[in-house]
Each structure stands twice: as structure tokens, then as C-alpha cells.
Engineer: 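My structure is below; once you've seen it, I'll send some questions.
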Number of protein chains: 2
Amino acid sequence: MTGSLSRSTDSGAGPAARRSDATRTAILAAARERFAADGYERATIRAIAKDARIDPSMVMRYFGSKEGLFAAAVALDLRLPDLTQVERDEVGRALVQHFLGLWEENEELTAVLRVGATNQAGAERMQGIFRDQLLPVARQVCPDPEQVPARAALCASQLLGLALTRYVLRFAPTVALRPEEIVAWLAPTVQRYLAAPSP
Amino acid sequence: MTGSLSRSTDSGAGPAARRSDATRTAILAAARERFAADGYERATIRAIAKDARIDPSMVMRYFGSKEGLFAAAVALDLRLPDLTQVERDEVGRALVQHFLGLWEENEELTAVLRVGATNQAGAERMQGIFRDQLLPVARQVCPDPEQVPARAALCASQLLGLALTRYVLRFAPTVALRPEEIVAWLAPTVQRYLAAPSP
DNA sequence: TATGTTTGCCAACAAGCGTTGACCAACGCG
DNA sequence: CGCGTTGGTCAACGCTTGTTGGCAAACATA
């Protein structure tokens, strides 16, 4: 009941490092992996707990529910670059390159895409990412403000389509493509969607 | 409700129209709807049976298992046009138009896409559709036979990306686009992926 | 040492799932 | 009429799921 959480080793800046932090991050890592591999429904709390080598009830204690765990596991920040600093006719290439790098190293993105395809809450989360992160960047580049949503949406369709076929559906020819090839093919597309005059 | 044709009037050609055919198709329709709306795991046999107003056990009798039902519900034929009959620089537009028409009228495609994102068997089914239906068409148009798989894969990424954002994730700006706009934007992309010299 | 808080495991719950088999009501036909 | 086939319901099975509460150690503080 006491709110006091003073610790002997709490020296100065930042919150004290609790013993449970290790388990917490272990759970989150296992959750990301499972969500990415299996999607929301088939990624069971029991399996995640087994991966993290703790009891399923701990997951509930730390994250309240399965939805809470998912929300905590995939807190997505695309870290999109500031396109005002990029040459006007290079924004397409910059965006594709950035996205590809994200997907290659980060399995959260596969998780959120897989869940977005199954789950209503997941879809809404993706809508939020699109609205809060991609739309503003598109606004920096698009000529006509009124066309920003449509153009950003077209970019999303191409970028997510690549991610879908390469990381989720695993089409053989798409998986075989080297990153440079992908950039070379997709950059002009994204460039046109973003900045070229409308057809 | 049954509208059953009498067996005695079974005149010659084709198998007799059984009374159960109505239920069968009702189950399939309900299954398509549920799979499209909920994905594989959350589309329960019980819910499908309730939609079709019959007992869950009937689904098992007719289709053996949930996987059997899914296989029967989404037997996918894209009916892709013969691109050798189309002007060389119009194949992009033709393909986009055809795909868009399919998606707009046919919820099987949403179902198979949603399931492909969750389910291993679903993903393999999509790989098969790509291999057996899109690849051959690309072979009709691509200049260099060696590039056919990569080029077809790029087309798939754009077309499926559109379907994903429009019909599954339901991004507002993508949903708002009129079909003609989509064709106008995507046709040049697909055209370039298929037939333009590699970058 | 004594006390209260963390951290964790265990066993169980209620609900929902796919699936099965027993049983019943029509129907077609001799 | 009687009888086999068909179309259908019902009740249950075994299992897995998310979730809960109790209890025992480990630890921190006094």
C-alpha cells in the first residue's frame, strides 16, 4: 500500500533498475517474435511465456491482458527521415531505402503487419501509424496539399505490398531480390506517387 | 428455402441436383464471408454454421474439416486476360483494371489474402496462385525471360499492396480513391515493372 | 532479527474451439 | 406398407485458450 519505492542503489538519475526488468524485456522479446511469426490469434500467451521461460500468469501481471502485451510489444516508431533535407528528386529513393532497412532489421514491423491483417485493433494501429508518421512526411514533399492523403496512401500501398510479399507471404522471387534491386525498382514508383504531377 | 428440383426431372446431362446442394452453397457463402471478415482462426465453424442456419456438424459432414472447408470455399481462379491480345503499352492498365474488378466484386480474394497473412497454408496457397496464374501472364509480356519472376513479383507487390491497404487495413485515403484514379496511378507502375527496361 | 514488498510458480476456472457419434424426420422406391 | 438413403439436430467429447487467486520463496528495509 505504501507508495515508497526508494532503493538503496537508486543513485541519482533515472528510475531504479528493478530485478523484474529482465523478465519484462524477455517477455517483450518473446512476444515480438511470436506475434511476428504467428499473428495475433495463434501467438498464445502460454507459448510466449514458455519462450521467456516464465509462468503465463506473469505476463498477465506485467501487461494486464493479451491486448496490453501486444500494445507494449509493438510500440512502433518508423523514425522517418526529414525529407526537407533531401534533394527533391531523391525523396523516393530515400524513403524506399529507409523502409527496407527498417524491415530487414526489425521484426516488430512484420508482427504489426501480420496482426493488422487479422485483427481489427491491429488494423487500427496501422492506420494510426500511417496517419501520424507517413502523412506528415508526405506533406513535406507533395506539391498540392489537397493530394497529400491520396499520394501517401499510394506510397503505403507499394511499400506495404513489398513487405507483404517479401516478409509475410514469402514469394520466392521477391525474397530473392537484393535490396539494391528493390530500391532501384521501387524508388521511381514512390517518387512519382509523391512528387510527380497527377496522371 | 430449398427450392429443390425434383429428382425425377433429372433429364440427362450433369449430376442430379440434390436437396443438399442448397445447404452446401449456403455454407460456402457464409464461409467466404467469415473468412474474408475475420481471417482463418477467428472465423469459427460454429459462426459459419449459424450464418448458414444449420448445425456445425453439417459443416464437418460436407467438408471434413475446417481446412477442407477453407479449401473448398476459396478455389481461386483469377481469370487473367490473354495479354498477347492487348497493345504492348496497355498491358499495365489492362492488368490493374482486371485486378480491381476482381477485388471489387469478389470477397474470396479478401479472404485468401487475410488468411495468407495469418496461416502457413494460406501463404502457400497464395504462392501457388502467383506461380500458376500471374507468372505465365508475365511471361507473355516480359522482354527478357530471365527477368520474368522478378518482374511478376514486383507487379504482385503493388497489386497486393493496394488490396491490403484498401480492403483489409482500410486506410481511409485508399478507400476513398475512385477506381479510375487507382487505375490511372497504378497502370504506369505495373507497365514499367512488366515491360520497361530494367533500371 | 522481524516485517513488508517483489517476484515467481501452481492449480484451477469458465469459455470457446474443432470434432464425433447417436438419434430423428423426411423422402424415394419396391 | 416396409426399408434404405439422405438431410439434419443434439449433446457431448477432449482440448486449448485467456485469466485469476493463493501461496512460497527472495529480497529490502528497519
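Hydrogens, waters and symmetry mates play no part in the numbers below; they use all other heavy atoms, side chains included. Since we're looking at a predicted model, the values are computed, not measured. Residue numbers begin at 1 in each chain, while the letters A, B, ... track the order of the sequences.
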Engineer: Rounded to whole Å, please give me the gap between CD1 in B/I48 and C1' in C/dC17.
Structural biologist: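 One finds 13 Å between C1' of C/dC17 and CD1 of B/I48, rounded.
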Engineer: Which whole-number value in Å describes the distance from B/M58 CE to C/dC24 C1'?
Structural biologist: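 Atom-to-atom, B/M58 to C/dC24, this comes out as 13 Å.
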Engineer: Between atom NZ in B/K50 and atom P in C/dG16, what is the gap in whole Å?
Structural biologist: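 Going from B/K50 (NZ) to C/dG16 (P), I get 10 Å.
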Engineer: Starting from P on C/dC9, measure out to CZ on A/R53 and report it in whole angstrom.
Structural biologist: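 After rounding, the reported distance stands at 12 Å.
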Engineer: Please work out if B/Y62 contacts a base, only the sugar-phosphate, or nothing of the nucleic acid, heavy-atom cut-off 4.0 Å.
Structural biologist: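 Sugar-phosphate only.
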Engineer: Check the distance between D/dC10's C1' and B/R61's CZ and give it to me in whole angstrom.
Structural biologist: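 The distance from CZ of B/R61 to C1' of D/dC10 comes to 12 Å, rounded to the nearest Å.
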Engineer: Mind calculating the distance between CZ (A/F63) and P (C/dG8) to the nearest angstrom?
Structural biologist: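 About 12 Å, once rounded to whole Å.
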Engineer: Any side-chain N or O of A/S20 less than 4.0 Å from the OP1 or OP2 oxygen of C/dT7?
Structural biologist: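 Answer is yes, contact under 4.0 Å.
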Engineer: By salt bridge (Lys or Arg N to Asp or Glu O under 4.0 Å), which residues pair with A/R192, not counting sequence neighbours?
Structural biologist: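 For A/R192 there are no salt bridge (Lys or Arg N to Asp or Glu O under 4.0 Å) partners, ignoring immediate neighbours.
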Engineer: Could you tell me which residues satisfy side-chain contact (heavy atoms from CB on, under 4.5 Å) with B/Q97, sequence neighbours excluded, listed by chain and number?
Structural biologist: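 Per chain and number, B/Q97 pairs via side-chain contact (heavy atoms from CB on, under 4.5 Å) with B/R93, B/V183.
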Engineer: Tell me, please, which residues at least two apart from A/M60 pass side-chain contact (heavy atoms from CB on, under 4.5 Å).
Structural biologist: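 Scan of A/M60 (side-chain contact (heavy atoms from CB on, under 4.5 Å), adjacent residues dropped) gives A/I45.
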Engineer: What parts of residues 24-37 of chain A reach DNA chain C, counting only heavy atoms under 4.0 Å away?
Structural biologist: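 Under 4.0 Å from DNA chain C: no residue of residues 24-37 of chain A.
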Engineer: Would you please test B/Q127 and A/F171 for side-chain contact (heavy atoms from CB on, under 4.5 Å) and show each step?
Structural biologist: CA-CA 6 Å; B/Q127 290 170 15; A/F171 284 2; 3.7 Å; yes
Engineer: Respond yes when some side-chain nitrogen or oxygen of A/S65 is under 4.0 Å from OP1 or OP2 of D/dG18, and no when none is.
Structural biologist: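 Answer is no, no contact under 4.0 Å.
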Engineer: Going by salt bridge (charged side-chain N to carboxylate O under 4.0 Å, His left out), name the pairs with one or both residues in residues 170-187 of chain B, residues two or more places apart or in two chains.
Structural biologist: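 Pairs touching residues 170-187 of chain B that pass the test: B/R178-B/E180, B/R178-B/E181.
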Engineer: Checking A/E108 now: which residues fulfil side-chain contact (heavy atoms from CB on, under 4.5 Å) with it, not counting sequence neighbours?
Structural biologist: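 A/E108 satisfies side-chain contact (heavy atoms from CB on, under 4.5 Å) with A/R32, A/V74, A/L76, A/N106 once adjacent residues are dropped.
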Engineer: For B/F35, check ring pair (Phe, Tyr, Trp, His ring centres under 6.0 Å) against everything at least two apart and list the hits.
Structural biologist: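 Testing B/F35 for ring pair (Phe, Tyr, Trp, His ring centres under 6.0 Å), a comparison that skips the adjacent residues, returns B/Y40, B/F70.
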Engineer: Rounded to whole Å, how long is the line connecting atom CG of B/L69 with atom P of C/dG18?
Structural biologist: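 The answer, rounded to whole Å, is 10 Å.
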Engineer: Between A/R131 and A/E124, does any NZ, NE, NH1 or NH2 come within less than 4.0 Å of an OD or OE carboxylate oxygen?
Structural biologist: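 No.
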Engineer: Go through the structure and list residues passing side-chain contact (heavy atoms from CB on, under 4.5 Å) with A/R24, not counting sequence neighbours.
Structural biologist: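 A/S20, A/Y62, A/F63.
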Engineer: Quickly work out the A/M60 CE to D/dG22 P distance and round it to whole Å.
Structural biologist: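 Distance check: A/M60 CE to D/dG22 P gives 16 Å.
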Engineer: Using a 4.0 Å cut-off on protein heavy atoms (strictly under), produce a 5'-to-3' string for nucleotides 11-17 of chain D with B for base contact, S for backbone-only sugar-phosphate contact, and - for none.
Structural biologist: -B----B
